[in-house]
Undergrad: 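Just passing along the structure, written as structure tokens.
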Amino acid sequence: MACPRCGADSTSLLPAVGGRTVCRRCGASVVTAGAEPAASATVVEQRRRAPVATIVLLIVVVLFSCLYLGGRIAIRALEARMRRDECERQLHKISVALQNYADENGVYPPAVTRDATGRPLHSWRVLILPHLEKADAELHKEYHYDEPWDGPHNRELASRMPGTYRCPEDPGAGDSYTSYVAIVDGATGEFAAYPAGGSNAPPKKTPMTKYLVVESAESGINWMEPKDITLGSNGQPTNPLPDHFGYHVGGSLALKEDDEKVVLPDDQVAKAIVAKPGG
């Protein structure tokens with residue numbers, strides 16, 4: 001090897017250190033043979049390591065994303081289950097109130113009361129107010145039974161719906177609109193299931209349906225309004241049924257006389273409502 005500056009031969013070069021040496025004659029710094037390849041080898045090794053680090057990073061990111069999404073899905077499923085459980089508790093409160101009314105009065109409340117001309121006056125949801133939990137029961141003291149549900153005084157209570165009548169999965173309930181409607185015999189204004197609470201006599205006739213109350217999200221029915229699902233003499237609804245009854249996963253909830261809560265798939269609700277117990 002010769003000095004690139006003055007051309008001195010290798011005898012004029014000092015011993016190499018770290019791939020470089022110095023010319024004794026001119027003092028120039030000289031790169032020794034083999035130094036460049038060594039540096040190149042280091043670059044190659046670094047390049048080999050880079051893809052491995054990238055792959056490991058990607059695997060970590062993917063695993064974290066899967067865990068995050070899985071956790072979110074699990075949380076949402078748990079929240080949905082909690083809302084359905086709350087809906088079942090609401091129906092249980094309604095069932096207990098109906099039973100307490102029957103124990104006190106010897107019969108279940110009429111689903112709707114009417115005046116002498118047939119005009120609807122009060123809903124069963126109002127009649128069982130004294131038998132709901134205390135916070136809701138107090139409202140019956142402010143309700144005037146001597147005027148219709150939409151009379152000048154009662155209409156002031158329209159936006160004070162008891163929490164019992166609100167399903168947490170119902171986006172349209174708000175403070176006014178019930179999430180639960182009864183199935184009513186249009187000829188008598190009674191529950192079509194003809195429940196006989198307490199020590200009552202046997203039901204008046206064969207029930208028209210298996211269910212007392214069904215969930216009806218976004219019903220548009222004020223909680224005091226004597227309006228529900230009415231069945232005609234042929235056992236069929238007198239008005240079109242909602243296209244959708246509830247928003248719970250698996251279907252909508254319905255209440256039987258014995259306090260049993262049943263989940264009805266959306267495509268079976270309409271049929272189940274009019275199905276006779278023996279059918």
Side-chain angles (χ1 to χ4, degrees), residues 87-115 118-134 136-141 143 145 148-149 154 161-167 178-216 219 221-233 235 237-238 252-262 264 272-279:
C87 185
E88 289 187 8
R89 285 191 289 272
Q90 306 293 52
L91 285 173
H92 174 68
K93 294 175 186 178
I94 291 173
S95 176
V96 171
L98 287 170
Q99 187 63 51
N100 288 342
Y101 182 102
D103 290 341
E104 183 176 301
N105 297 280
V107 66
Y108 268 62
V112 54
T113 62
R114 302 178 185 276
D115 63 14
R119 180 180 60 163
L121 294 177
H122 310 296
S123 166
W124 62 274
R125 287 178 289 270
V126 170
L127 299 180
I128 66 172
L129 279 177
H131 305 284
L132 295 177
E133 294 181 337
K134 185 176 181 180
D136 295 336
E138 290 297 312
L139 194 58
H140 90 97
K141 298 177 181 179
Y143 189 88
Y145 293 88
W149 70 277
N154 288 336
M161 180 176 70
T164 300
Y165 298 141
R166 182 186 303 106
C167 169
T178 180
S179 302
Y180 308 105
V181 296
I183 306 175
V184 183
D185 179 356
T188 64
E190 299 173 335
F191 284 86
Y194 296 116
S199 57
N200 300 334
K204 298 177 180 179
K205 61 181 181 180
T206 303
M208 302 175 72
T209 180
K210 298 178 181 180
Y211 305 103
L212 292 172
V213 176
V214 296
E215 180 185 4
S216 183
S219 68
I221 300 173
N222 185 269
W223 71 276
M224 298 184 300
E225 184 178 1
K227 180 179 179 181
D228 295 271
I229 295 176
T230 303
L231 303 183
S233 58
T238 57
S252 306
L253 291 173
L255 174 68
K256 288 187 174 182
E257 179 188 356
D258 57 2
D259 194 34
E260 180 183 0
K261 274 76 69 178
V262 181
L264 300 174
I273 285 176
V274 299
K276 291 183 174 60

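Because only heavy atoms are used, hydrogens play no part in the values below, and waters and symmetry mates are left out as well, while side chains stay in.
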Undergrad: Please tell me if the side chains of His131 and Val96 come closer than 4.5 Å, counting only heavy atoms from C-beta onward.
TA: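 His131 vs Val96: side chains apart.
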Undergrad: Output the distance between atom CD1 (Ile273) and atom CD1 (Ile183), rounded to the nearest 0.5 Å.
TA: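 Between atom CD1 of Ile273 and atom CD1 of Ile183 there are 4.5 Å.
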Undergrad: Under a 3.5 Å threshold, yes or no: a donor from one side chain and an acceptor from the other, between Asn100 and Glu104?
TA: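 There is no such pair between these side chains.
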Undergrad: Indicate the atoms forming the closest heavy-atom contact of Gly232 with Thr238, along with that distance.
TA: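 Minimum heavy-atom separation between Gly232 and Thr238: N-CG2, 3.6 Å.
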Undergrad: Taking all non-hydrogen atoms of both residues into account, name the closest pair between Leu132 and Ala97 and its distance.
TA: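 Minimum heavy-atom separation between Leu132 and Ala97: CD2-CB, 3.7 Å.
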Undergrad: Could you tell me which residues satisfy ring-ring contact (aromatic ring centres under 6.0 Å, His included) with Trp124, sequence neighbours excluded, listed by chain and number?
TA: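 Once residues adjacent in sequence are excluded, the partners of Trp124 under the ring-ring contact (aromatic ring centres under 6.0 Å, His included) criterion are Phe191.
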Undergrad: Arg114: which residues meet the salt bridge (charged side-chain N to carboxylate O under 4.0 Å, His left out) condition with it, sequence neighbours left out?
TA: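 Listed in chain order: nothing, the list is empty.
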Undergrad: Scan residues 119-128 for pairs that pass salt bridge (charged side-chain N to carboxylate O under 4.0 Å, His left out), counting only residues two or more places apart or in two chains.
TA: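 Residue pairs with at least one partner in residues 119-128: Asp115-Arg119, Arg125-Asp228.
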Undergrad: So, for Leu129 and Leu139, which heavy atoms are closest and what is the spacing to 0.1 Å?
TA: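 Residues Leu129 and Leu139, closest heavy atoms: CD1-C, 4.3 Å.
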Undergrad: Can you find a heavy atom in the side chain of Tyr211 that is under 4.5 Å from one in the side chain of Leu264?
TA: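 Yes, side chains in contact.
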Undergrad: So which atom in Pro226 and which in Pro120 form the shortest heavy-atom distance, rounded to 0.1 Å?
TA: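 Scanning both residues completely, I find the closest heavy atoms to be CG-CB, 3.4 Å.
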Undergrad: Has Glu257 got a side-chain atom pairing as donor or acceptor with Leu212's backbone, closer than 3.5 angstrom?
TA: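 No, because the side chain of Glu257 does not come within donor-acceptor range (under 3.5 Å) of the backbone of Leu212.
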Undergrad: Listed by chain and number, what are the side chain to side chain donor-acceptor pair (under 3.5 Å) partners of His122, not counting sequence neighbours?
TA: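 Listed in chain order: Tyr143.
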Undergrad: Treating Ser219 as the side-chain partner and Thr178 as the backbone partner, does any N or O pair qualify as donor plus acceptor under 3.5 Å?
TA: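 A pair under 3.5 Å: yes.
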Undergrad: Hey, does Pro110 have a side-chain heavy atom less than 4.5 Å from the side chain of Leu127?
TA: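 Counting from C-beta outward, Leu127 and Pro110 do come under 4.5 Å.
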Undergrad: What residues, two or more places apart in sequence or in another chain, satisfy side chain to side chain donor-acceptor pair (under 3.5 Å) together with Asp136?
TA: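 Thr164.
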Undergrad: Between atom CD of Glu260 and atom NZ of Lys210, what is the distance when rounded to the nearest 0.5 Å?
TA: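 Output value for this atom pair is 9.5 Å.
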Undergrad: Taking all non-hydrogen atoms of both residues, which atom of Val262 and which atom of Lys256 are closest, and how far apart?
TA: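 For Val262 and Lys256, the tightest heavy-atom pair comes out as CG2-CE, 4.0 Å.
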Undergrad: With the side chain counted from C-beta on, respond yes when Ser123 and Trp149 share a heavy-atom pair under 4.5 Å apart, and no when they do not.
TA: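 Not touching, per the 4.5 Å side-chain cut-off.
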Undergrad: Drop me the distance from Gln90's CD to Arg166's CZ, to the nearest 0.5 angstrom.
TA: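 Here the interatomic distance stands at 8.5 Å.
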Undergrad: First locate atom OG of Ser179, then atom CD1 of Ile221, and finally report the distance between them rounded to the nearest 0.5 Å.
TA: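 Interatomic distance, Ser179 OG to Ile221 CD1, rounded to 0.5 Å: 10.5 Å.
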Undergrad: Just jot down the side chain to side chain donor-acceptor pair (under 3.5 Å) partners of Glu138, sequence neighbours excluded, or say none.
TA: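 Listed in chain order: Lys141.
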Undergrad: Nearest 0.5 Å, what's the CG-CG distance between Leu91 and Leu255?
TA: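 Rounded to the nearest 0.5 Å, the CG-CG separation comes to 5.5 Å.
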Undergrad: Any side-chain heavy atom of Val126 within less than 4.5 Å of one from Asn154?
TA: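 The answer is no; the side chains never approach within 4.5 Å.
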Undergrad: Drop me the distance from Ile94's CD1 to Tyr165's OH, to the nearest 0.5 angstrom.
TA: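 Rounded to the nearest 0.5 Å, the CD1-OH separation comes out at 6.0 Å.
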Undergrad: Should we count NZ of Lys93 as having more than 12 external heavy atoms under 6.0 Å?
TA: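 For Lys93, atom NZ is crowded (more than 12 foreign heavy atoms under 6.0 Å).
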Undergrad: Less than 4.5 Å apart, side chain to side chain, heavy atoms only: is that true for Pro237 and Leu231?
TA: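 A side-chain contact exists here, since the closest heavy-atom pair is under 4.5 Å.
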